[in-house]
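Following: one structure in structure tokens, then a few remarks.
Residue indices begin at 1 and follow the sequence shown.
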Amino acid sequence: CALFRQKRLLLRQLPANGEQVLVRARTALYEPRGDCQLIVEQIQPAGAGRYQQALEQLKRKLHAEGLFDPARKRPLPPFPQQIGLITSPSGAALRDILQILKRRFPCASVLSYPTLVQGAEAPAALNCALQTALDRAECDVLILARGGGAQEDLIAFNDEQLARRVAAGHIPLVSAGGHEIDVTLVDFVADQRAPTPSAAAELVTPERHKLLTQLTTTRHRLQQLTWQTVQQHRTGLRQLQHRLQQRHPTSPLLQQQQRLDELYQRLQ
């Protein structure tokens with residue numbers, strides 16, 4: 001540890017207690033005390049640490065290519081007619097999403113694209129399910145979700161091919177790859193990221209009760225505007241009727257008839 005502290009400027013991050021590392025070192029003997037020293041010349045993560053290092057490199061690569069750029073991300077439709085779910089058919093995420101969609105926006109239909117979400121075969125299965133959803137183009141928005149888990153359970157959502165497929169897709173997609181603290185590559189390239197599957201369901205749908213309140217308010221406002229418009233036109237019509245009466249052909253004739261009577265009386 002003392003050696004690590006002395007050489008900390010040469011390392012990106014000091015190893016934590018219990019972390020597995022792979023080191024290259026040489027031995028040295030201090031003869032006066034008979035102490036044997038291990039002088040570390042190179043250190044790199046091993047096991048999970050090596051995977052995390054590779055993931056960070058991949059993240060920097062995709063970021064440099066512009067896949068994380070907010071400008072390329074699509075807005076979510078305000079009133080989706082069909083919502084696609086890419087998740088495990090037996091997971092809790094599917095049940096949570098369906099329950100919230102039914103409560104918030106029951107008029108939208110839901111299509112499921114079942115897939116594995118963890119394990120060695122999960123990356124290929126997720127890619128296949130997403131490609132199927134994109135090829136069929138049946139949905140207005142997609143949710144790519146799974147329940148929370150350990151970091152090793154989220155490996156499939158860090159797959160480079162899946163991240164690129166999400167970024168290249170033409171349908172807006174919301175990612176919900178775990179609990180709120182879990183962040184994967186798919187979260188960075190998705191159009192929007194939800195902390196949980198339940199939050200994803202809320203993100204893609206409007207609140208039914210809020211919509212009803214807005215509709216009621218809009219109806220009252222429309223009624224007021226309609227009444228004001230009718231009153232304005234009614235006032236304008238009365239003014240036009242008054243002007244029409246003043247310019248009616250009988251009006252000057254009556255005036256001339258009265259003038260004629262006056263002249264006749266003067267003539268008498």
Side-chain angles (χ1 to χ4, degrees), residues 67-87 89 91-113 129-130 132-148 166-180 182-183 186-244:
L67 269 64
F68 300 170
D69 188 1
R72 53 154 290 277
K73 299 187 178 185
R74 299 162 292 251
L76 302 181
F79 304 105
Q81 296 183 0
Q82 290 200 106
I83 302 172
L85 305 182
I86 304 174
T87 187
L94 178 62
R95 296 191 297 271
D96 293 342
I97 292 174
L98 291 177
Q99 182 179 3
I100 292 177
L101 293 181
K102 182 178 180 180
R103 171 175 57 84
R104 286 178 58 90
F105 201 59
C107 60
S109 59
V110 181
L111 299 179
S112 177
Y113 301 92
L130 176 57
T132 299
L134 295 175
D135 291 341
R136 293 180 180 177
E138 304 165 305
C139 301
D140 302 309
V141 64
L142 298 173
I143 298 177
L144 180 60
R146 61 148 292 144
V166 169
H170 59 278
I171 301 176
L173 185 143
V174 176
S175 67
H179 294 311
E180 188 169 358
D182 299 326
V183 181
V186 171
D187 293 327
F188 288 105
V189 299
D191 296 295
Q192 287 203 38
R193 184 244 176 186
T196 62
S198 298
E202 295 180 353
L203 196 60
V204 301
T205 55
E207 174 61 57
R208 179 176 58 174
H209 298 296
K210 290 183 179 179
L211 281 179
L212 293 176
T213 302
Q214 292 175 358
L215 287 174
T216 301
T217 303
T218 303
R219 182 183 63 185
H220 292 162
R221 179 61 177 162
L222 182 59
Q223 291 175 344
Q224 293 176 356
L225 292 175
T226 302
W227 184 84
Q228 293 175 359
T229 303
V230 170
Q231 289 299 109
Q232 292 174 357
H233 285 295
R234 182 174 295 171
T235 302
L237 180 59
R238 289 173 180 171
Q239 293 175 351
L240 290 175
Q241 288 176 340
H242 180 68
R243 293 174 58 187
L244 181 61

[X] versus [Y], closest heavy-atom pair with distance:
X      : Y      : value
Ala176 : Ala200 : CB-CB, 4.0 Å
Tyr113 : Gly84  : CE1-CA, 4.1 Å
Arg103 : Arg208 : O-NH2, 3.7 Å
Asp187 : Lys73  : O-NZ, 4.4 Å
Ile171 : Ala133 : CD1-O, 3.8 Å
Arg74  : Val166 : NH2-O, 3.9 Å

Just verifying a value: how many Å separate [X] [atom1] and [Y] [atom2], rounded to the nearest 0.5 Å?
X      : Y      : atom1 : atom2 : answer
Phe79  : Asp140 : CZ    : CG    : 12.5 Å
Leu222 : Thr217 : CG    : OG1   : 12.5 Å
Leu94  : Thr87  : CG    : OG1   : 6.0 Å
Ile100 : Thr205 : CD1   : OG1   : 8.0 Å
Gln99  : Arg95  : CD    : CZ    : 10.0 Å
Gln82  : Ser109 : CD    : OG    : 3.5 Å

Please step through side chain to side chain contact (heavy atoms under 4.5 Å, CB included) for the pair Thr132 and Arg136, ending with a clear verdict.
-> CA-CA 6 Å; Thr132 299; Arg136 293 180 180 177; 3.5 Å; yes

Mind checking whether [X] and [Y] have side chains closer than 4.5 Å, heavy atoms only?
X      : Y      : value
Leu203 : Ile143 : no
Pro172 : Pro77  : yes
Val189 : Phe68  : yes

Exceeds 12 heavy-atom contacts within 6.0 angstrom, atom NE2 of His242 =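 Incorrect, the count does not exceed 12.
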
Just do the side chain to side chain contact (heavy atoms under 4.5 Å, CB included) check on Val204 and Leu101 with the steps written out, would you?
-> CA-CA 9 Å; Val204 301; Leu101 293 181; 4.3 Å; yes

Arg234 vs Gln231, side-chain hydrogen bond (donor to acceptor under 3.5 Å, both in side chains): CA-CA, chis, key distance, verdict = CA-CA 5 Å; Arg234 182 174 295 171; Gln231 289 299 109; 3.2 Å; yes

Stepwise, does the side chain to side chain contact (heavy atoms under 4.5 Å, CB included) test hold for Val110 with Leu98?
-> CA-CA 8 Å; Val110 181; Leu98 291 177; 3.8 Å; yes

Quick one: do Leu211 and Phe105 satisfy side chain to side chain contact (heavy atoms under 4.5 Å, CB included)? Show the steps, please.
-> CA-CA 10 Å; Leu211 281 179; Phe105 201 59; 4.0 Å; yes

Is Arg72 reaching over with its side chain to a backbone N or O of Leu67, donor-acceptor style, under 3.5 angstrom?
->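 Judged by distance alone, yes, a pair lies under 3.5 Å.
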
